[in-house]
Amino acid sequence: MLPASCSHRLVTELQGALAACQKKEEALQQSIARCRVLLQPWEVPSPPSPEPARSTETKPAHEPTPKELKELELLNQALEKALQVRKGICQVQSSKSASSGKTAPSLVTAQAGPGARPRTSNPKACVPAKPPPTSQRDSGRLKKPARASSHRGKAPGNALTHARQPENSMPIEGPSLCPLPSQGQVPGLPTSTPVSVLREAGATGPSPGPEEGKIQPGLRSEAFTLKEKGTQLQLPLFYKKIASRNSSLWAQVQHYQSSADTAVAAAKAHFMERMKVTFDLPGPAISLAEIQEEVNRLDQACHLLTQHLEEALDVNGEAATASLSWEQEYHRLVTLEGLQAAVERHLLRLRELRDAEEQWLGPRPVESSLWGSALCLGGKGSSGSTNHIVYSSVEELQTMTALKLRVTMLKQQIHLEKVLMEELLPLVRSENPAGPAQVALYRAIHSQLCEAGERFSILVRDEPSV
Amino acid sequence: MGRLGRRPREDLGPGALPTAISSLSRALRGGLGPETFRKAKFDLPEAVAELWSLLFSLLWPIHQEGAVAPRDPPDALEGQIRFVKWVLCCYGYGRRHFYQLSEDGSYGSYELLLAFSWLLVYLSLPERFLCLNCVHQGDDAWICLCKDLASYPVSLALGGKGRVDIRYVQWLLGKLRFQWRSLYASQQEQCTLLNKIHLYTRGCHPDPSVGHLSVPELELLRFPESSKQDTVMDANPIGIPNAGKQDVFLPEILQYCSPKYITGEMDRVQKNLEALRQRLQETVNQQRAAWHTKVSRCSRRLPRLSELSTAMMKEIQETVGCELAALEQGCEVKSWSHRLQRLVFREAGEPSNSGTHQMTKVIQVLRREEASLEKTFRRLQEECQQELAILARGLEGVIWILPPYQRW
């Protein structure tokens with residue numbers, strides 16, 4: 001048995017390592033599950049919508065009442081009118097999404113005449129929509145915000161129905177979204193237009209009337225997989241708008257940050273100076289937080305220097321010095337001396353930091369023993385705008401992640417090896433081998449420390465032959 | 001007024017300040033209004049408690065992020081005040097009056113306002129809010145490894161009480177090895193799946209430089225009812241560049257700043273540096289000796305060293321100088337690796353913009369690091385080997401047969 005303190009430390013470290021691995025594995029599994037779900041066939045979910053009117057549309061055989069038929073009439077007329085209007089202004093409108101946002105609501109409110117909310121009346125009214133698909137195609141692409149809500153659940157559907165259009169990046173016309181059974185183009189997620197979409201009035205206007213383009217209650221929609229139809233998906237319009245607005249705002253922020261706005265920077269600096277003048281607390285000029293940052297920097301530097309040393313020594317694969325050319329050898333020598341000087345500098349700096357820290361450890365204005373464990377600084381340099389990291393094949397991605405994992409694993413292994421060395425080697429040095437148990441211990445320690453636990457030595461008792 | 005030093009707009013006129021304050025109030029948690037700031041300016045006592053709690057609510061989550069054993073936040077104002085003072089002390093805030101403020105929150109709103117403003121500039125809080133609140137709809141690929149496994153703090157509670165046998169330790173280590181293998185397999189699987197998704201959705205993204213959808217974006221389409229959608233909508237910026245969300249989440253990027261921890265870190269760094277120094281010493285001496293013998297051998301034959309002219313030597317010295325200086329700056333990848341990256345798939349041969357980083361470069365850097373870490377690891381093992389070899393020789397009555405030595 002190992003001594004208590006040794007046991008405790010080893011078990012702590014190992015359990016910690018296992019826990020960390022476990023966490024990472026769980027995260028990975030979650031991510032894998034998410035991807036899998038997306039890659040499976042996308043089915044039509046039955047809408048759990050709270051709107052009572054909505055539930056009726058899932059019934060396959062839905063017979064419109066006379067009242068609804070009348071509403072439908074009205075809506076169809078309005079639709080045709082709208083079509084005329086749209087045809088006329090489609091060119092202009094396509095460049096001004098904002099203005100189109102206004103037209104849609106006005107159309108919708110007009111059609112909402114019968115008092116029912118557009119959403120509720122529409123599904124029923126949508127049944128035999130008349131507008132011929134061809135006319136919409138001619139009308140070109142309009143960025144109708146009204147389309148947005150239908151796009152929420154129907155993006156795949158829309159795209160499917162009119163995927164033949166060359167420029168698929170723009171959302172497609174409304175009335176065409178009332179698919180006739182005969183068209184045979186089946187949207188993928190018709191009824192899943194969620195309530196929340198329609199709840200979201202926002203910038204995209206209320207849900208459109210007839211352009212709702214809900215699937216006819218009688219239609220069964222097919223599932224489709226991402227593989228087949230993935231390239232035809234479209235993000236919902238409201239999302240695109242928000243995303244583009246987001247990126248333009250970020251660009252502004254970046255501009256402000258990087259434009260070296262001297263007035264702002266000067267104001268900041270001036271303020272800090274004024275504050276600093278009023279600081280009257282005794283203590284070293286460098287704060288604890290800065291000490292921490294510098295220690296980290298030194299740690300990083302040490303790591304890099306070690307790496308450089310390994311590389312310098314490994315030129316020509318640790319070949320004999322004689323095989324190196326004069327330049328190479330001189331290069332190596334100068335490099336090593338340079339590294340030496342750098343290490344000395346770092347050690348000196350570390351000593352200075354230690355002194356400063358000791359000054360802080362002395363009398364402080366605040367009782368700090370309570371917060372002994374962790375106080376975290378944010379890295380000031382973190383920026384919010386994302387960069388793209390580009391890969392061009394799945395092997396590349398796999399290689400990178402495998403390497404990342406390997407590097408982390410090696411770091412962990414090195415850390416554990418050091419811990420094991422610290423704890424187990426003293427056991428080996430101190431006691432003299434007594435019985436077989438001790439010898440077995442040595443064998444285990446040897447195997448772990450020297451062979452990473454993968455191979456074992458063979459110990460044979462050397463019995464004097466009798 | 002220089003109190004709130006950061007201005008979101010170019011015009012620094014008097015009208016800009018109220019706008020700045022109101023957007024700041026909106027961005028901060030707790031429904032703090034601009035009146036609080038105004039009251040504090042005039043050192044009115046009503047604003048004191050609010051400001052203390054504001055400071056605490058900003059600074060406590062930072063503390064919590066890295067804590068090994070998460071604590072409950074102190075409920076009493078007193079505890080919160082002490083905590084805030086400690087944090088500001090760590091950051092080097094040096095106004096004695098601030099630290100002398102009483103712990104019952106009865107006065108000092110002006111001092112608090114100053115402290116808050118200082119913190120705002122020092123930590124660049126508005127930008128920090130932005131970074132943390134922005135919704136990342138891409139597939140994240142953190143290149144930077146510093147947040148990864150090996151740096152997780154170990155909670156001492158895991159240790160258990162009693163003594164264990166070496167076999168238990170061996171078993172745990174074996175378990176760890178299996179974990180690594182399954183992690184590797186899972187990761188590879190994730191890569192394939194991600195790649196498939198990227199491939200299948202090419203052409204769908206409105207941003208042409210990205211070109212395909214990411215998993216969060218696809219989920220938006222697949223599950224429109226999900227709550228994630230609300231997040232997207234809530235993230236709609238209000239129109240002022242510095243406006244953030246209602247909630248404020250604080251940085252994930254951690255460093256520890258407590259005396260015990262710092263001392264521990266310093267010891268570790270010192271040990272590493274000293275070990276490196278020693279190693280360098282030996283190697284340099286070796287190299288120098290070899291060099292001198294080489295030189296002397298040649299100079300015996302020739303009066304002057306023709307193979308290596310002094311000009312050449314100078315050139316080499318300069319090159320090495322540059323290399324080492326670059327080292328000090330840190331690796332190129334490391335500088336941008338701390339940011340969030342979005343993973344983008346692009347066929348080979350397509351043009352790439354300036355803002356992108358190629359994965360091949362990352363792979364190169366990682367390979368270098370892997371090689372050097374492997375060497376370090378091997379060196380440690382060899383050290384152990386030497387030490388244990390001494391032991392093995394000392395064992396009486398036992399023949400120690402080493403396993404067949406295989407080079408990796």
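For the numbers below, each heavy atom of this structure counts, side chains included, while hydrogens, waters and symmetry mates do not. Lettering of chains follows the sequences in order, A, B, ..., and the numbering in each one begins at 1.
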Do you know which of [options] has the most heavy-atom pairs under 4.5 Å to chain B?
options	result
A/Ser457, A/Ala342, A/Pro3	A/Ser457
A/Leu339, A/Leu298, A/Leu10	A/Leu339
A/His270, A/Arg9, A/Gln398, A/Arg36	A/Gln398
A/Leu353, A/Val343, A/Leu403	A/Leu403
A/Val394, A/Val295, A/Val334	A/Val394
A/Asp280, A/Leu441, A/Leu14	A/Asp280

Contacting region of [X] [heavy-atom separation from chain A under 4.5 Å]:
X	value
B/Glu387	side chain
B/Arg279	side chain
B/Leu388	side chain
B/Leu324	side chain

Is it the backbone or the side chain of [X] that comes under 4.5 Å from a heavy atom of chain B, or both, or neither?
X	result
A/Ala301	neither
A/Leu309	side chain
A/Leu425	side chain
A/Ser244	neither
A/Leu347	both
A/Glu417	side chain
A/Leu459	both
A/Met421	side chain

B/Arg288, CZ: over 12 other non-hydrogen atoms inside 6.0 angstrom
yes

Could you tell me which of [options] has the largest number of non-hydrogen atom pairs under 4.5 Å with chain A?
options	result
B/Val169, B/Thr192, B/Val320	B/Val320
B/Gly321, B/Ser186, B/Gly92, B/Gly94	B/Gly94
B/Leu193, B/Val164, B/Leu172, B/Leu276	B/Val164

side-chain contact (heavy atoms from CB on, under 4.5 Å) filter on A/Met275, not counting sequence neighbours, yields A/Phe271, A/Phe279, B/Tyr93, B/Arg95, B/Leu114, B/Trp118

- Message: Quick check: closest heavy atoms across B/Met359 and A/Glu396, and the distance to 0.1 Å?
- Response: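 Looks like CB-OE1, 3.6 Å.
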
Of all heavy-atom pairs linking A/Ala444 and B/Ile166, the shortest is CB-CG1, 3.9 Å

Practice item. Give the ring-plane orientation class for B/Trp400 versus A/His446, where under 30° counts as parallel, over 60° as perpendicular and anything between as tilted. Key: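 Judged by the thresholds at 30° and 60°, the geometry between B/Trp400 and A/His446 is perpendicular.
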
A/Lys411 and B/Glu370 ion-paired at < 4.0 Å | no

field: By salt bridge (charged side-chain N to carboxylate O under 4.0 Å, His left out) - contacts of A/Glu344 (at least two apart)
entry: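 Checked A/Glu344 against salt bridge (charged side-chain N to carboxylate O under 4.0 Å, His left out); matches are B/Arg277.
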
